[in-house]
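Have a look at the structure that comes next, please.
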Amino acid sequence: MTTVPFQSIITAEEELRDLFGESNHVVKHKAIDRLDHHCKDFIAKSPLLFMATSDASGYCDASPRGDAPGFVHVMDESCLVIPERPGNRRFDSLRNILSNPRVGIVFVIPGLKETLRVNGSAVLVRGEEILDRLSVQGKRPWLGIGVSVEECYMHCAKAFIRSQAWNPDSWISGEQLPNPSKIITDHVNQDSVTEESVIRGLQDSYNKRLY
């Protein structure tokens with residue numbers, strides 16, 4: 001058994017409440033159980049989302065999905081569909097959904113500090129009509145992630161204010177950025193995989209297999 005290197009651990013909600021108190025009236029009542037016109041408008045303007053999933057054993061994953069604003073299709077007040085474009089075929093999110101349908105989604109609009117959170121349950125769909133609607137450049141997505149919406153609410157801006165994510169003056173310079181191809185090469189750690197081959201593979205994927 002792995003030893004956890006943490007001390008003074010909180011183990012119950014009562015401890016949280018004793019330390020930090022209750023939510024205020026607005027926070028307690030801001031969640032709704034459907035996609036109203038505000039949520040639909042937000043989703044229509046969002047080019048990026050982050051989706052959290054877990055398998056039946058509780059192992060978690062979070063991954064982004066992105067495309068032109070409005071890439072997520074809202075079918076009605078209770079259902080939306082996220083296109084699953086070509087990827088690396090790990091299928092982490094998809095395998096989790098097959099094991100445990102519960103999902104949590106954060107929709108982001110660049111420049112807006114508040115985000116929209118949507119929680120619900122998901123299925124993998126292959127209906128031709130839906131996939132046709134989600135097509136880009138004449139290419140259907142591999143499939144759609146259909147989400148039955150159970151909870152929606154606005155998330156406050158504190159994370160973006162603290163991080164200054166939308167402030168270009170706070171961004172680190174290009175030469176200081178982590179090197180993804182070097183990281184992948186070191187993590188794979190095989191003689192046959194070089195940084196140059198990883199760069200070529202990434203660029204080929206970005207240039208030829210976005211859709």
Side-chain angles (χ1 to χ4, degrees), residues 30-53 61-98 101-161 163-168 171 202-211:
K30 68 178 181 177
I32 60 175
D33 61 0
R34 68 197 183 283
L35 299 170
D36 69 353
H37 68 285
H38 295 297
C39 296
K40 291 177 181 178
D41 179 64
F42 196 108
I43 293 170
K45 294 174 179 175
S46 172
L48 179 66
L49 64 83
F50 295 88
M51 181 172 65
T53 61
D61 182 72
S63 64
R65 300 290 189 279
D67 213 318
F71 77 101
V72 173
H73 173 51
V74 175
M75 298 185 69
D76 54 38
E77 288 190 341
S78 62
C79 187
L80 57 82
V81 185
I82 303 166
E84 182 68 12
R85 310 280 182 205
N88 58 17
R89 294 182 174 85
R90 279 181 56 102
F91 299 135
D92 297 293
S93 299
L94 306 187
R95 289 186 290 110
N96 282 348
I97 288 169
L98 292 173
R102 313 301 302 177
V103 297
I105 304 167
V106 176
F107 287 95
V108 178
I109 299 176
L112 180 66
K113 298 180 179 68
E114 289 78 12
T115 54
L116 175 68
R117 292 175 61 168
V118 176
N119 299 319
S121 60
V123 294
L124 308 183
V125 297
R126 296 186 61 193
E128 292 187 4
E129 182 179 350
I130 291 176
L131 297 187
D132 283 342
R133 185 182 290 270
L134 297 172
S135 295
V136 173
Q137 299 180 8
K139 296 181 180 180
R140 291 175 173 175
W142 280 352
L143 48 79
I145 300 172
V147 179
S148 295
V149 175
E150 298 171 7
E151 184 179 45
C152 312
Y153 58 94
M154 293 300 299
H155 191 98
C156 78
K158 289 180 180 177
F160 281 94
I161 293 172
S163 66
Q164 299 188 62
W166 301 136
N167 177 13
W171 299 350
L202 289 174
Q203 290 304 316
D204 185 69
S205 176
Y206 299 156
N207 293 332
K208 299 178 181 179
R209 295 191 295 279
L210 281 182
Y211 299 101

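As a basis for the values below, the full set of heavy atoms in this structure was taken, side chains included, without hydrogen atoms, waters or symmetry mates. Just so you know, these numbers come straight off a predicted model, no measurement behind them.
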With side chains defined as the heavy atoms from C-beta onward, is the minimum distance between Pro83 and Asp67 less than 4.5 Å?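 Heavy-atom side-chain distance check fails, nothing below 4.5 Å.
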
Taking Asp41 for the side chain and His37 for the main chain, is one N or O donor matched with an acceptor at less than 3.5 Å?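 Flag not set: sc Asp41 to bb His37 has no pair under 3.5 Å.
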
Do Ile97 and Val123 make a side-chain contact, defined as non-hydrogen atoms from C-beta onward lying under 4.5 Å apart?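 SC-SC contact between Ile97 and Val123 ruled out.
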
Just wondering, more than 12 heavy atoms not from Lys45 lying within 6.0 Å of its NZ?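 Counting neighbours around NZ of Lys45, 12 or fewer heavy atoms of other residues, nucleotides or ligands fall under 6.0 Å, so no.
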
Gap between atom CG of Leu94 and atom CZ of Arg89 - 0.5 Å precision: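 So the gap between those two atoms works out to 12.0 Å.
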
Passes salt bridge (Lys or Arg N to Asp or Glu O under 4.0 Å), Lys40 versus Asp36? Steps please. CA-CA 6 Å; Lys40 291 177 181 178; Asp36 69 353; over 6 Å; no

Any salt bridge between Arg102 and Glu150, counting N to O under 4.0 Å?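 Between Glu150 and Arg102 there is a salt bridge, with a charged N closer than 4.0 Å to a carboxylate O.
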
Can you tell me if Asn119 and Tyr153 form a side-chain donor-acceptor pair at under 3.5 Å?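 Side chains of Asn119 and Tyr153: no pair found under 3.5 Å.
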
Do Pro110 and Pro47 touch side chain to side chain, with heavy atoms closer than 4.5 Å?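 They are in side-chain contact.
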
Please say whether more than 12 non-hydrogen atoms of neighbouring residues, nucleotides or ligands are located less than 6.0 Å from CE in Met154.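 Yes, because the 6.0 Å sphere around CE of Met154 holds more than 12 heavy atoms from other groups.
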
Derivation of the salt bridge (Lys or Arg N to Asp or Glu O under 4.0 Å) call for Arg117 and Glu151: CA-CA 8 Å; Arg117 292 175 61 168; Glu151 184 179 45; over 6 Å; no

Side chains of Ser93 and Arg95: donor-acceptor distance under 3.5 Å anywhere?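 No, Arg95 and Ser93 have no side-chain donor paired with an acceptor closer than 3.5 Å.
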
About how many Å separate CG of Leu131 and NE2 of His73, when rounded to the nearest 0.5 Å?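 So the NE2 of His73 and the CG of Leu131 are separated by 11.0 Å.
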
Can you tell if the side chain of Arg140 reaches within under 4.5 Å of the side chain of Asp132, non-hydrogen atoms only?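 Yes, close enough: below the 4.5 Å cut-off.
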
Surrounding CZ of Arg126 (heavy atoms of other residues, nucleotides or ligands, distance under 6.0 Å), is the total greater than 12?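 Open: at most 12 neighbouring heavy atoms sit under 6.0 Å from CZ of Arg126.
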
In Å, rounded to the nearest 0.5 Å, how long is the span from CG of Leu134 to CD of Glu129?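 Here the rounded value is 10.5 Å.
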
What is the minimum heavy-atom distance between Glu114 and Phe42, and which atoms define it?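 Closest approach of Glu114 to Phe42: O-CZ, 3.8 Å.
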
If you measure from CG on Leu80 to CE on Met75, what distance do you get to the nearest 0.5 Å?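 Going from CG on Leu80 over to CE on Met75, the span is 10.0 Å.
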
Audit row: Leu49, Val108, side-chain contact (heavy atoms from CB on, under 4.5 Å) steps and yes/no: CA-CA 6 Å; Leu49 64 83; Val108 178; over 6 Å; no

Side chain proximity check, Leu116 to Cys39, heavy atoms < 4.5 angstrom: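 Contact flag for Leu116/Cys39 side chains = yes.
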
Closest approach of Phe107 and Thr115, non-hydrogen atoms and distance?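 Shortest heavy-atom separation between Phe107 and Thr115 comes out as O-CB, 3.3 Å.
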
Could you pull out the closest heavy-atom pair between Val125 and Leu143, with the gap in Å?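 Smallest heavy-atom distance, with atoms named: O-CB, 3.4 Å.
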
Would you find a donor on one side and an acceptor on the other, under 3.5 Å apart, between the side chain of Trp166 and the backbone of Phe160?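 Side chain of Trp166 to backbone of Phe160: no pair is present.
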
State whether the side chain of Lys113 and the backbone N or O of Lys158 hold a donor-acceptor pair below 3.5 Å, judged by distance alone.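 Answer holds: no.
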
Carefully, step by step, assess Ser63 and Arg65 under the rule side-chain hydrogen bond (donor to acceptor under 3.5 Å, both in side chains). CA-CA 7 Å; Ser63 64; Arg65 300 290 189 279; 2.7 Å; yes

Atom pair CZ (Phe71) and CD1 (Ile82), whose distance is rounded to the nearest 0.5 Å: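 Spacing of CZ (Phe71) from CD1 (Ile82) equals 7.0 Å.
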
What heavy-atom pair brings Leu210 and Arg85 nearest, and what distance separates the two atoms?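 Residues Leu210 and Arg85, closest heavy atoms: O-CB, 3.8 Å.
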
Which atoms form the tightest heavy-atom contact between Leu35 and Cys152, and what is the distance?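 That would be CD2-SG, 3.7 Å.
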
Using side-chain heavy atoms (C-beta onward) and a distance below 4.5 Å, is Ile105 in contact with Phe50?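 Side chain of Ile105 against side chain of Phe50, heavy atoms only: no contact under 4.5 Å found.
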
Heavy-atom distance under 4.5 Å between the side chains of Asp204 and Arg209, does that happen here?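 The answer is yes; the side chains approach within 4.5 Å.
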
Could you tell me which non-hydrogen atom of Ala122 sits nearest to which non-hydrogen atom of Ile145, and how far apart they are?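 Taking Ala122 first and Ile145 second, the nearest heavy atoms are CB-CG2, 4.0 Å.
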
Side chain Ser46, main chain Ile43, donor-acceptor under 3.5 Å: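 No.
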
